[in-house]
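Throughout, numbering of the chain's residues begins at 1 and tracks the sequence. Whatever order the structure lists them in is the order used to number ligands and atoms, beginning at 1.
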Amino acid sequence: MILGITGQNHDASMALIDGQNILWAAHSERYTRLKNDPLLNLDMVKELYEYGSPSQIVWFEKPWPKNIRRLWSGERPWHKSPKEELKRVGLGNIPIEYVWHHESHAAAGYYTSKFDSADIVVIDAIGEWDTVSYWKGLGSSIKKQWSKKYPNSIGLFYTAFTHYLGLKPNEEEYILMGMAALGKPKYINEMLDFFFVDWNPPSLKLRYNLHQGCRWWDRPQDATDYDIAATVQAIYELYIVALLTDITLWKPVDKNLVLMGGCALNCVANSKIAKLGIYENIWIMPNPGDAGSAIGAVAAITNQHLNWQSPYLGTDIARPLDIESIVSDLMNGKVVAVANGRAEFGPRALGNRSLLCDPRGPNAKDRMNALKKREAFRPFAPAVLKEYATDYFDMPVESAPYMQFVADCTRPDLLPGICHYDNTSRVQTVTKEDNLVFRQLLEAWYDRSGCPILINTSLNIKGEPLVNSWQDAERWQNKYGVTVY
Ligand SMILES: [Fe+2]
């Protein structure tokens, strides 16, 4: 058994893999209750040993190149090595190997896909030095074709503006993406001229090292935060569309695309990619950021496809779910919490650690927001019985079990709580193969209500990690007065 680890970054995680089977995978934050915890912890290691004893560890990036780059960019290097970090949590006696950051991303994507060949694109802020990389997957191997190096990074540009708008960098980029729908991309030329020496995607050369932020940008006087967000989002979309168009010049173009790295969480851009129609099939592993690289680090050295079943890979809450009572509560207009089965490995709650409510009517969003304490402009995501998805949404892809794409909602009059300002929704389609118990719950709701959709949002309050164990669930229930099933 091999243990893949990401750590000393912005979201530590572990994954235990036996041959082609992913036995367990989890985020550190879910145990310590510290959002995006960069460090490992003893509770997570204790749970690891319930699933097996690893004989080998693979770390998701190379510490020396990373530390040299951190010094070069004016950041402090990590004062502890990965070996010291592992020793601290009782894993110091297991042999360790290191792989490159973008290789972990590419391997996590390709080896969890069903593809036997693919174009693989990785985009994030920064690993060791690579910021954008393009790979070819063929059979059981992946091979890097080219990469773009730090400080030239479209992801870092996006993260710098996340900070500029008063949001948390490396965590709240999704809020910037949400803000973009409320603004107009008015400042594309101004921003390109100011920040880029060379804007000719996929070639790109930044004028500044954006690790130091972008506060010196000469902001137009009438610019709203929403217009700035819209401009940043538009520039990212221009980049990725140009990148994929350029890749089509690299013959032969594959019919399959694997997209990975933190930027692959940008579901608005993902939908634009799907609509381009360059690729027949797109796979984005449901945890495409650094945490998912715990799986990718192992796959990068085993070089074989993994038996991907689902993202339900974490802590198990094994208890029967009282679907009848849940549906009765939903019919009475209540918000219902579900903590059941294995926790999601990835940032999205997909039915096992979820808050649910009726999406119909003008008050659905307010009812949920009274509890969640999120920004009022942000909509909630819908989970829909897959066969009814096209009745309500213009889907850019056939199925979306992991909420990775936005779709135009064709009935915003019925469902205002799940529609953003541009009438899009981040849809989760649900089949029994995706999640049997959640599917049964949705079917029971449909039978009683005639509506095949529920609002599905994460079982947490803004800024908290997802509820993980049943003990967390009970604490949550007592604190917020919502029944957890
Ligand atoms: Fe990354």
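The aromatic rings of Trp216 and Tyr208 sit perpendicular, their planes meeting at an angle over 60°, well past the 30° parallel limit.
Side-chain contact check for Asp227 and Thr224: at least one donor-acceptor pair (N or O, by modelled atom type) lies under 3.5 Å. Side chain to side chain, Gln404 and Asn270 fail the donor-acceptor criterion of an N or O pair below 3.5 Å.
With a cut-off of 2.8 Å, the Fe ion (ligand 1) has an N, O or S atom of His105 in range.
Residue-level check: among N/O/S atoms of Asp290, OD1 sits closest to the Fe ion (ligand 1). Within Asp124, the N, O or S atom lying nearest to the Fe ion (ligand 1) carries the name OD2.
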* Please report the C-alpha distance between His105 and Val258 in whole Å, then the side-chain angles of each, then the deciding distance to 0.1 Å, and finally whether the side chain to side chain contact (heavy atoms under 4.5 Å, CB included) criterion is met. => CA-CA 10 Å; His105 278 310; Val258 171; over 6 Å; no
